[in-house]
Amino acid sequence: MSNREVYMDHGATTPVREEAVEAMLPFFKELYGNPSSVHSQGRKVRKAFENAREKTAAAIGANPEEIFFTSGGTESNNIALRGAAKRLNKPGHIITSSIEHHAVFDVCRDLEKEGHRVTYLPVDNMGLLDPSRVEDAITAETFIISIMAANNEIGTVQPIEEIGKIAAGHKILFHTDAVQVVGQLPVDVKKMQVDFLSLSGHKFNGPKGVGALYKRKGVKIDPLYHGGGQEKKLRPGTENVPGVVGLSRALELSVEEIPGKKAALEALRDRLIDGLLKIDDVVLNGHPEKRLPGNVNVSFSFIEGESILLSLDMHGIAASSGSACSSGSLDPSHVLSAIGLDHQTAHGSIRFTLGRGNNESDVDYVLEKIPSVVENLRRISPMGKTK
Amino acid sequence: MSNREVYMDHGATTPVREEAVEAMLPFFKELYGNPSSVHSQGRKVRKAFENAREKTAAAIGANPEEIFFTSGGTESNNIALRGAAKRLNKPGHIITSSIEHHAVFDVCRDLEKEGHRVTYLPVDNMGLLDPSRVEDAITAETFIISIMAANNEIGTVQPIEEIGKIAAGHKILFHTDAVQVVGQLPVDVKKMQVDFLSLSGHKFNGPKGVGALYKRKGVKIDPLYHGGGQEKKLRPGTENVPGVVGLSRALELSVEEIPGKKAALEALRDRLIDGLLKIDDVVLNGHPEKRLPGNVNVSFSFIEGESILLSLDMHGIAASSGSACSSGSLDPSHVLSAIGLDHQTAHGSIRFTLGRGNNESDVDYVLEKIPSVVENLRRISPMGKTK
Amino acid sequence: MYNEKVVDHFNNPRNVGELADADAIGETGSFKCGDTMTLYLKVRNGIIEDVRFQTYGCGAAIASSSMLTEMVKGKTLDQALAITNQDVADELGGLPPLKLHCSNLAADALHNAIENYRARQGIGKTG
Amino acid sequence: MYNEKVVDHFNNPRNVGELADADAIGETGSFKCGDTMTLYLKVRNGIIEDVRFQTYGCGAAIASSSMLTEMVKGKTLDQALAITNQDVADELGGLPPLKLHCSNLAADALHNAIENYRARQGIGKTG
Ligand SMILES: Cc1ncc(COP(=O)(O)O)c(C=O)c1O
Ligand SMILES: Cc1ncc(COP(=O)(O)O)c(C=O)c1O
């Protein structure tokens with residue numbers, strides 16, 4: 001094993017930044033009260049909790065009463081989509097893309113079982129959705145459109161404002177899974193004209209297990225869970241106060257830092273992409289420009305993703321792969337299939353996601369190690385012998 | 001305001017114990033990986049996470065693969081009840097009690113809207129459920145029985161093993177909301193013969209926003225949320241690793257300590273009860289013996305709960321009330337109504353819940369302060385002038 | 001939850017009790033949350049000379065009752081009749097939205113007391 | 001995820017490559033996960049004298065391939081035929097349950113190679 005550790009899997013999760021940990025700590029042992037309690041211990045906690053809501057709202061251009069805290073991006077997506085479907089209370093039509101995260105994609109699949117009709121819009125070979133396809137797919141039964149702000153695997157950023165305009169024009173609910181975007185790119189729910197937006201703390205150096213759903217004021221959905229009535233009954237359960245405080249602090253800082261960090265991260269990203277493309281038989285997946293600042297996704301021909309990851313890991317490099325061989329599913333990701341990659345190219349895809357703490361030397365380290373990794377695996381491989 | 005702070009609201013939530021905070025800390029900044037990741041950062045986290053699952057399982061006599069981590073007691077209850085209903089996929093019959101927490105009670109109400117029939121079994125005036133009533137309520141359509149292990153307001157502990165025997169005899173799923181019991185009293189899912197058991201971290205000096213559902217091996221329910229497939233698809237979303245680690249550490253210690261702490265807590269409880277009953281026109285709510293070790297619930301005639309809480313708070317004493325006037329609902333709790341309290345007695349109920357850190361001097365402090373609190377409020381009250 | 005003024009009126013309620021020689025008594029109760037209030041007035045030359053209250057209810061109810069008694073002392077009956085529940089809450093510097101309804105009993109009890117006074121004096125209900 | 005032995009075989013795979021003068025070649029592929037393996041055998045007097053492999057696949061697939069080559073060298077064809085996928089996984093000290101299927105290609109490739117050898121020698125398929 002290597003002594004050096006280079007974490008380039010920020011798209012999977014991020015370390016919690018010091019300031020967020022500091023912000024959380026008092027809420028474990030000193031300010032531990034239940035925010036619903038009448039006594040001063042509870043009231044102090046309520047105050048901090050509502051302050052966190054204000055910060056979260058401010059970070060995305062929302063009002064505090066439009067923020068509902070959840071256990072993460074998955075729950076936010078489920079509440080928005082299922083909650084709208086439950087409120088509709090009859091079969092309807094949903095428009096989404098064919099490259100959504102499973103927390104939207106699989107929800108739609110399940111809603112199909114319940115009688116809803118779902119249109120999974122295709123994207124082009126760079127992962128971009130053409131907004132006119134959304135317009136064309138709308139029917140009288142369409143009650144919600146759900147399009148992710150940016151893709152978690154290939155990093156392609158979608159034209160959300162244009163889709164928002166279409167949805168608003170047709171008075172159809174519009175949800176965006178912005179889990180990969182919040183904290184990375186400026187987000188303004190009003191400009192996007194979204195009715196719902198999902199975000200997740202652990203993607204922007206906040207804690208795991210806590211997220212938020214933005215729900216535009218006046219938009220009504222049915223709650224999925226029932227209980228003590230917290231979060232205006234939309235998401236009951238004793239509030240995860242430290243988590244929410246940590247999320248809001250991390251979010252506040254991440255958003256503040258966007259002007260400074262975005263170009264820097266993009267420069268690192270492009271340096272990595274350029275270096276990787278110098279290796280033979282490597283292609284970039286996703287869009288060359290409309291791309292998350294930290295996302296790099298390439299396919300190496302003739303070799304398989306997990307074995308690349310494993311070799312990188314031996315060098316202390318943490319990345320992820322688009323093939324999910326180890327997660328029980330043997331098919332390549334639906335995202336890579338949707339952008340037209342063949343089975344083998346999809347299986348040879350590796351995602352590096354840069355984030356807070358990564359620097360040029362990390363990129364250079366990866367670029368130094370990866371040629372031999374690829375060469376060794378290709379030497380073992382029965383494929384590509386023609387070159 | 002008082003200088004002294006006496007927290008007697010452990011039934012609402014508890015401070016996170018030092019050992020649990022210590023256990024969590026590494027998982028924010030050092031072991032921050034996603035447990036689903038292939039790289040060593042992720043694998044180390046997976047290992048710790050599965051270790052936490054083992055500890056949690058051991059604490060309640062379960063196998064690790066029977067433990068599913070959730071965002072709290074509310075979610076655990078919802079997954080069990082709704083998941084079973086969803087799997088049934090046709091209207092069925094549910095048996096529950098009339099004193100369940102809202103996270104069961106309101107779920108049942110909602111399932112009624114979806115076409116299920118629910119029997120809310122009455123309890124006696126001490127909150128005790130007669131198991132024969134469960135037996136009598138069973139019909140051919142009954143698919144699940146949900147009876148809480150102990151009540152959160154009045155502390156009455158139910159004969160779960162007897163009900164478990166009945167449910168098993170009829171091969172009907174049996175769920176128990178043990179949120180108030182786990183960590184307080186010994187729990188063995190095998191002895192209880194439950195198919196599902198809900199627990200919540202913040203009730204036993206673990207963190208908020210994390211809980212677990214025990215689901216007996218082989219029992220099948222449909223997931224409510226969809227996403228990345230975590231927790232064997234029953235509860236998807238990036239795992240709240242620090243939360244789960246903190247929960248498991250707190251749980252392990254709480255359960256270890258039961259033999260030593262139970263009698264001590266009961267002694268404190270009874271000292272408080274005895275002292276309170278010396279005040280005129282005070283009655284104990286709940287069962288005198290079959291009662292959670294830390295639960296005290298009394299009604300003060302002629303005066304209203306929130307004003308008592310507020311006065312106690314001025315003395316630094318944190319307790320809670322059965323009336324939920326401040327939570328938006330103006331009706332007294334369904335629990336106090338179910339044990340036959342009239343409106344006024346219910347509104348004058350106060351719950352003190354003792355826990356870790358409370359001692360005799362705390363009890364004596366409460367007993368020193370409360371007579372004048374009650375007297376002052378009674379002086380203001382137009383009621384009870386006859387005495 | 002409550003501001004300092006509310007807490008002060010709750011902790012040190014003014015004019016608590018009964019008036020043995022009251023010229024008027026007003027009672028009111030909130031059907032919904034069970035709060036009740038009794039207000040006693042001593043009236044001389046159309047002016048409220050003294051006032052006492054008894055209230056069963058939450059902090060907001062007690063503080064509103066106390067506040068009201070301070071507001072009406074020295075006022076003419078017509079001036080007193082003009083006091084609304086909102087006035088009481090405002091004078092307290094505001095109440096949490098969820099507790100506003102709890103303050104509604106104070107002005108109601110006052111109006112009932114004035115009615116009671118006028119009935120005793122043989123003056124019919126106004127308006 | 002993987003134990004040390006698996007990691008060793010993955011990092012330092014034994015007997016990688018082709019055998020120009022192979023007496024037999026066995027190929028196999030997992031339809032499901034796309035892994036493929038080619039095994040080359042040099043056989044003398046019914047004994048496997050030399051062996052090489054090429055594998056496209058995940059860590060488990062590569063390590064299993066390498067492990068297999070060590071297991072078969074010096075074995076008679078009949079002994080080699082008796083080797084199962086489970087034997088390979090066992091010899092590696094175990095594989096994660098989800099990765100077991102990835103190790104299934106090694107013994108399959110071997111069996112195919114032996115079949116190929118016997119076909120070349122004009123000896124019919126056994127069993
Ligand atoms: C009996 C009972 N069930 C369920 C819950 C809900 O747990 P949580 O708030 O952790 O979701 C609570 C506590 O609030 C409880 O006391
Ligand atoms: C685009 C996207 N949506 C949703 C999620 C789910 O978020 P979480 O794991 O916090 O539930 C993720 C990350 O896993 C994601 O990348």
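Within every chain, numbering begins at 1; the chains are lettered A, B, ... in the order of the sequence lines, protein sequences first and strands thereafter. As a basis for the values below, the full set of heavy atoms in this structure was taken, side chains included, without hydrogen atoms, waters or symmetry mates.
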- Message: Does any backbone or side-chain atom of L31(B) lie under 4.5 Å from a heavy atom of chain A? Answer side chain, backbone, both or neither.
- Response: neither
- Query: Between G211(A), P223(A), A319(A), which shows the greatest number of heavy-atom pairs under 4.5 Å with chain B?
  - Reply: A319(A)
- Give, as side chain, backbone, both or neither, the part of V107(A) having an atom under 4.5 angstrom from any heavy atom of chain B. both
- Who wins among N240(A), N78(A), T70(A) for the most heavy-atom pairs under 4.5 Å with chain B? N78(A)
- Examine whether an atom of T14(A) lies under 4.5 Å from a heavy atom of chain B, and if so say whether it belongs to the side chain, the backbone or both; otherwise answer neither. backbone
- Message: Between F49(A) and F27(A), is the ring centroid distance below 6.0 Å?
- Response: no
- Message: With a 4.5 Å cut-off on side-chain heavy atoms, are Y225(A) and E231(A) touching?
- Response: no
- Looking at R17(A), R235(A), R82(A), which makes the most heavy-atom pairs under 4.5 Å with chain B? R82(A)
- Can you find a pair of side-chain heavy atoms, one from P35(B) and one from V241(B), that are under 4.5 Å apart? yes
- Message: Would you say NZ of K47(A) has more than 12 non-hydrogen atoms from neighbouring residues, nucleotides or ligands within 6.0 angstrom?
- Response: no
- Query: Are any of the side-chain nitrogens in D313(A) or R43(B) under 4.0 Å away from the carboxylate oxygens of its partner?
  - Reply: yes
- Tell me, for L309(A) versus chain B, whether the close heavy atoms (under 4.5 Å) come from the side chain, the backbone, both or neither. side chain
- Most heavy-atom pairs under 4.5 Å with chain A, out of G228(B), G33(B), G243(B), belong to G33(B)
- When you measure from the side chain of S200(A) to the backbone N and O of V179(A), does any donor-acceptor pair fall under 3.5 Å? no
- Note on the structure: Honestly, the part of E75(A) sitting under 4.5 Å from a heavy atom of chain B is both
- Item | Atom group of I79(A) that falls short of 4.5 Å from chain B, counting heavy atoms | side chain
- Query: For K86(A), is it the side chain, the backbone, both, or neither that has a heavy atom closer than 4.5 Å to a heavy atom of chain B?
  - Reply: side chain
- Task: For residues Y120(A) and F105(A), establish whether the separation of their ring centroids is below 6.0 Å.
- Result: yes
- Item | Atom of L81(B), atom of S146(B) and distance for their closest heavy-atom approach | CD2-CB, 3.8 Å
- Quick one: of H101(A), M24(A), Q41(A), E18(A), who has the most non-hydrogen atom pairs under 4.5 Å with chain B? E18(A)
- Note on the structure: So, the part of E114(A) with a heavy atom under 4.5 Å from chain B: the answer is side chain
- Task: Please determine, among G209(A), P15(A), A103(A), the option with the most heavy-atom pairs under 4.5 Å with chain B.
- Result: P15(A)
- Query: Any ion pair linking R46(A) and E239(A) (charged N to carboxylate O, less than 4.0 Å)?
  - Reply: yes
- Message: Salt bridge check, D106(B) against K233(A): does any charged N sit closer than 4.0 Å to a carboxylate O?
- Response: no
- Query: Out of A318(A), G229(A), G201(A), which one racks up the most heavy-atom pairs below 4.5 Å with chain B?
  - Reply: A318(A)
